[in-house]
Structures are given as structure tokens and as C-alpha cells.
Amino acid sequence: MSTKNIYILGIESSCDDTSASVIYNGKVLSNVVANQEVHAKYGGVVPELASRAHQQNIVPVVQQAIEQAGITKHDLNAIAFTRGPGLMGSLLVGTSFAKSLALGLNIPLIDVNHMQAHILAHFIEEEGCKTPPFPFVCLTISGGHTQIVKITNHFEMEILGETIDDAVGEAFDKSAKILGLPYPGGPLIDKYAQLGNPKTFKFTKPKVGDLDFSFSGLKTGILYFIRKQEKENPDFIKEHLNDICASIQYTIIEILMDKLKNTVKQTDIKHIAIAGGVSANSEIRKRLTLAEKHWKWTTYIPKFEYTTDNAAMIAIAGYLKYLNGTYSDISVTAQARLKVTE
Ligand code: KG4
Ligand code: ZN
């Protein structure tokens with residue numbers, strides 16, 4: 001098979017972003033993301049509204065991705081799409097669309113695991129970005145997942161540790177909700193934290209075994225702390241927002257860094273990557289950069305646009321599968337639950 005001129009269209013629709021991307025030989029030609037503003041006022045993603053918005057967005061988003069890439073749909077070699085995990089109604093829109101397009105163009109269809117794709121985004125060829133060697137460890141942190149994954153090759157992954165309750169993105173978003181901030185609150189906590197003092201308030205770190213995580217206790221701790229303070233001063237949040245955000249963020253990032261230190265100790269692997277929406281967080285990016293100097297780790301921090309949900313990561317995963325000759329049957333179905341190892 002010729003591996004010279006390969007154009008892959010990636011389609012992502014697992015949650016509340018409709019995205020399409022064209023990758024040419026591992027390089028991104030386009031990566032169009034339509035965010036769904038509709039959920040902000042509900043304080044979280046409303047599944048029914050998400051699938052309706054995907055239905056409206058998918059045709060123009062795919063068209064735009066192909067146009068921006070400067071090609072026509074007839075140049076495409078394969079269609080890659082997110083099979084799962086995610087919201088079933090959202091996944092079905094992307095899955096059905098990808099199947100029809102692949103059938104219409106008579107080209108291979110490639111299903112992609114969303115969690116693997118977050119990790120495989122590190123293999124997008126970008127100037128100034130290095131690619132991790134095998135084996136490496138990836139801390140996958142998103143709105144639905146918190147995992148430490150060992151990657152032995154592109155398609156062989158092992159979960160070394162994971163959350164036993166909330167995901168770290170949820171910890172950010174639920175804390176933000178307690179502070180009256182709109183969904184998704186993670187980026188807002190990051191923004192206000194940059195103006196605050198991280199040592200102002202102290203929150204208890206959870207005690208959970210080995211390489212696993214737990215965030216539900218922290219969320220409850222923050223809730224009780226805020227309630228207590230507001231009893232004494234109803235304007236407590238308004239007056240201390242930056243310091244509260246900085247302190248919450250500091251605690252969360254400390255938890256993540258502690259687990260990464262344990263992982264390096266246990267595995268002796270010093271190639272450490274981060275992936276997923278929370279890897280957009282400025283503090284974790286800073287701390288990982290510092291770890292290169294302090295602990296001699298080699299760290300891999302994705303470009304900002306490949307952290308939160310995007311189709312470029314689906315397209316690169318599709319490209320790697322294409323080179324491997326791993327295609328899907330047209331009978332493939334969306335799966336709301338899917339492990340990174342499946
Ligand atoms: O990977 P992603 O886009 O979607 C999922 O697959 O879940 O991750 C979304 C999560 C949300 O919880 C959002 O608040 C969080 O990533 N997030 C951040 C930041 N940007 C996005 N959390 C903290 N700091 C950020 N800068
Ligand atoms: Zn994601």
C-alpha cells in the first residue's frame with residue numbers, strides 16, 4: 001500500500017463539540033470545531049440538545065474542514081470517526097454520517113476510541129512538537145476521565161491507575177458551579193487562579209491507594225468550606241474569587257503531580273505526556289515543564305487546540321490505523337462505554 005499521499009477525514013461528536021479535520025500524511029490541514037453554547041445556561045451538557053446540535057452542525061463542519069484543507073472529498077483515502085466513549089445520541093450522529101460518507105465515496109471506514117485519540121494526538125506532526133518514544137506514560141485528564149496510561153505502542157495501552165469517582169474535569173467544573181461560574185468552569189478557574197494566591201486556602205488532599213485518584217471528597221470539602229464562609233460573609237466568593245480559584249487549582253494539580261511522581265518511581269519511565277481537556281490548564285503545563293528541569297523527566301504537552309475535544313486527534317488515530325491496515329466493518333456501532341484498552 002502506498003503511504004505517500006494519505007488524506008484522512010476525522011469526525012468527532014462524542015460530547016458537545018462537533019468537529020471535523022483533514023490530516024495529510026500526519027500533518028493537520030484543517031481542524032474545525034463548532035462549540036455548543038446552548039449548554040452553558042443549564043450548568044452541564046444536556047444530551048438531547050447536544051445530539052440535535054450535532055445534527056445541525058455536522059454537514060457544514062465537515063464541508064468547512066474539507067474546503068480549508070484545499071481538497072475535495074474525492075481526495076480522501078479514509079473516514080475516521082469516534083465510536084466511543086461518549087453520549088450515545090451524540091456518537092450516533094457522527095457514526096451514521098461517517099458510515100454514509102465512506103459508503104458513498106467507497107473508501108475505508110475507521111472507528112476510533114476517543115480516549116486513545118486524546119493520547120495519539122501526540123503523534124500529530126507539528127513543527128516544534130516532539131513525539132514520545134515507546135514506552136511512555138500519559139496522564140489523561142478530561143471531563144469524563146482521569147487515568148494514568150502506559151503506552152507500549154500506538155494501539156497497546158494499559159491503565160496503571162484511574163479515578164474511583166469523579167474525573168478531574170468534573171472536579172474543576174463542579175467547584176466552579178459552587179462558585180456560581182457557568183459551565184464548563186475549568187477554563188474560568190484557570191483564568192481567575194492566575195490572579196490569585198494558591199496558598200490562601202487549604203483543602204484536604206484525598207488519601208487513595210497507589211496510582212488511583214478520588215475527587216468527590218475534595219468537591220464536598222470545597223462546598224462545606226464555601227457554605228461556612230458565606231454564613232459569616234455573604235460576599236465571600238466575590239471578595240476572594242481569585243484566591244479561592246488559585247487554591248482549588250493548586251490542590252488539584254498537586255494531586256495529579258503526586259501521582260505522576262509515584263508512577264515514575266514505580267515504572268522507571270520518565271517520558272511523561274498529558275492529554276485531554278484539562279491538559280489545557282496553564283498550571284499543569286507549567287508544572288510539567290518545571291519537572292523537566294527538576295526531575296529530568298521528558299514531558300510532552302499537546303498544542304492547546306489538541307487538548308479539548310477535536311477531530312484532528314481522531315484523524316491522526318485514523319491515519320495510524322490506516323497505515324496498520326485496521327479498517328472497520330460497515331456494521332460497526334457507536335459505544336457509549338469504551339475503555340482506553342478496547
Ligand atoms: O477532553 P474534553 O474536551 O472533553 C471530555 O472528553 O471530557 O475535556 C473537557 C474538560 C472540562 O471539564 C473542562 O472544564 C476542562 O476539560 N478544561 C479545563 C481547562 N480547559 C478545559 N480544566 C482546567 N483548566 C483549563 N484550562
Ligand atoms: Zn475528550
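Being a predicted model, the structure only gives us computed values, none of them experimental. First listed ligand is number 1; within each ligand, the first listed atom is number 1.
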Novice: How far does NE2 of H240 sit from CG of L179, to the nearest 0.5 angstrom?
Specialist: 12.5 Å
Novice: Looking only at non-hydrogen atoms, find the nearest pair between F236 and I226 and report the distance.
Specialist: CE2-CD1, 4.1 Å
Novice: Check each atom of ligand 1 against the heavy atoms of T308 and keep those under 4.0 Å away; list them by number with element.
Specialist: 3 (O), 21 (C)
Novice: Identify the closest protein heavy atom to atom 7 (O) of ligand 1: which residue and atom is it, and at what distance?
Specialist: G143 N, 2.8 Å
Novice: Please work out whether any backbone atom (N, CA, C, O) or any side-chain heavy atom from C-beta onward of D309 is under 4.0 Å from ligand 1, and answer side chain, backbone, both or neither.
Specialist: both
Novice: Can you tell me the protein heavy atom closest to atom 15 (C) of ligand 1 and the distance?
Specialist: V278 CG2, 3.9 Å
Novice: Closest non-hydrogen protein atom to atom 26 (N) of ligand 1, residue and atom name please, with distance?
Specialist: D190 OD2, 2.9 Å
Novice: Just jot down the ligand 1 atoms closer than 4.0 angstrom to any heavy atom of A280, in number order.
Specialist: 20 (N), 26 (N)
Novice: Output the distance between atom OG1 (T263) and atom CG (D210), rounded to the nearest 0.5 Å.
Specialist: 8.5 Å
Novice: Between L9, I314, V28, which is the residue that forms a side-chain contact (heavy atoms from CB on, under 4.5 Å) with I23?
Specialist: V28
Novice: How close do I316 and L120 get, heavy atom to heavy atom, and via which atoms?
Specialist: CG2-O, 3.5 Å
Novice: Any salt bridge between E283 and K286, counting N to O under 4.0 Å?
Specialist: yes
Novice: Numbering the atoms of ligand 1 from 1, which are under 4.0 Å from a heavy atom of H114?
Specialist: 6 (O)
Novice: Can you sort out which atoms of ligand 1 are near G169, meaning under 4.0 Å from one of its heavy atoms?
Specialist: 12 (O)
Novice: For F134 and H154, run ring-ring contact (aromatic ring centres under 6.0 Å, His included): C-alpha distance rounded to whole Å, both residues' side-chain angles, the deciding distance at 0.1 Å, then the answer.
Specialist: CA-CA 9 Å; F134 300 116; H154 291 132; 5.1 Å; yes
Novice: Just to check, does P187 reach to within less than 4.0 Å of ligand 1 when the distance is taken from its heavy atoms?
Specialist: yes
Novice: For ligand 1, which part of D173 has a heavy atom less than 4.0 Å away: the side chain, the backbone, both, or neither?
Specialist: side chain
Novice: To the nearest 0.1 Å, how far is atom 24 (N) of ligand 1 from its closest protein heavy atom, and which atom is that?
Specialist: N281 ND2, 3.0 Å
Novice: Show me the pairs that pass side-chain hydrogen bond (donor to acceptor under 3.5 Å, both in side chains) and involve residues 55-64, at least two apart or across chains.
Specialist: T18-N57
Novice: Any idea which of S14, G277, C15 brings a heavy atom closest to atom 16 (O) of ligand 1?
Specialist: G277
Novice: What I want to know is whether G186 and ligand 1 share at least one N or O pair that is separated by under 3.5 angstrom.
Specialist: yes
Novice: Would one find an N or O of D17, backbone or side chain, under 3.5 Å from an N or O of ligand 1?
Specialist: no
Novice: Thinking salt bridges, do R52 and E48 make one under a 4.0 Å N-O criterion?
Specialist: yes
Novice: Which protein atoms of type N, O or S are found under 2.8 Å from the Zn ion (ligand 2)?
Specialist: H114 NE2, H118 NE2, D309 OD1
Novice: Rounded to the nearest 0.5 Å, what separates atom CD1 in I222 from atom CG in L218?
Specialist: 4.0 Å
Novice: Using a 4.0 Å heavy-atom threshold (strictly under), name the region of H145 that reaches ligand 1: side chain, backbone, both or neither.
Specialist: neither
Novice: May I ask whether Q249 has any heavy atom positioned less than 4.0 angstrom from an atom of ligand 1?
Specialist: no
Novice: Determine the minimum heavy-atom distance between A311 and S19, stating which atoms define it.
Specialist: N-OG, 2.9 Å
Novice: Evaluate S282 for polar contact with ligand 1, using N/O atom pairs at a separation under 3.5 Å.
Specialist: no
Novice: Which atoms form the tightest heavy-atom contact between D75 and Y7, and what is the distance?
Specialist: O-CD1, 3.5 Å
Novice: Check V93 against S51 and note the closest heavy-atom contact, atom names and distance.
Specialist: CG2-O, 3.8 Å
Novice: So, for N310 and A312, which heavy atoms are closest and what is the spacing to 0.1 Å?
Specialist: OD1-N, 3.0 Å
Novice: H114 and E12: side-chain donor and acceptor closer than 3.5 Å?
Specialist: yes
Novice: With a cutoff of 4.0 Å, is K191 in contact with ligand 1, counting heavy atoms of the residue only?
Specialist: no
Novice: Within the 4.0 Å heavy-atom shell around G144, which atoms of ligand 1 are there?
Specialist: 7 (O)
Novice: Just which atoms of ligand 1 are under 4.0 Å from any heavy atom in P184?
Specialist: 14 (O)
Novice: Is a donor on one side and an acceptor on the other found under 3.5 Å between the side chain of R83 and the backbone of L91?
Specialist: no
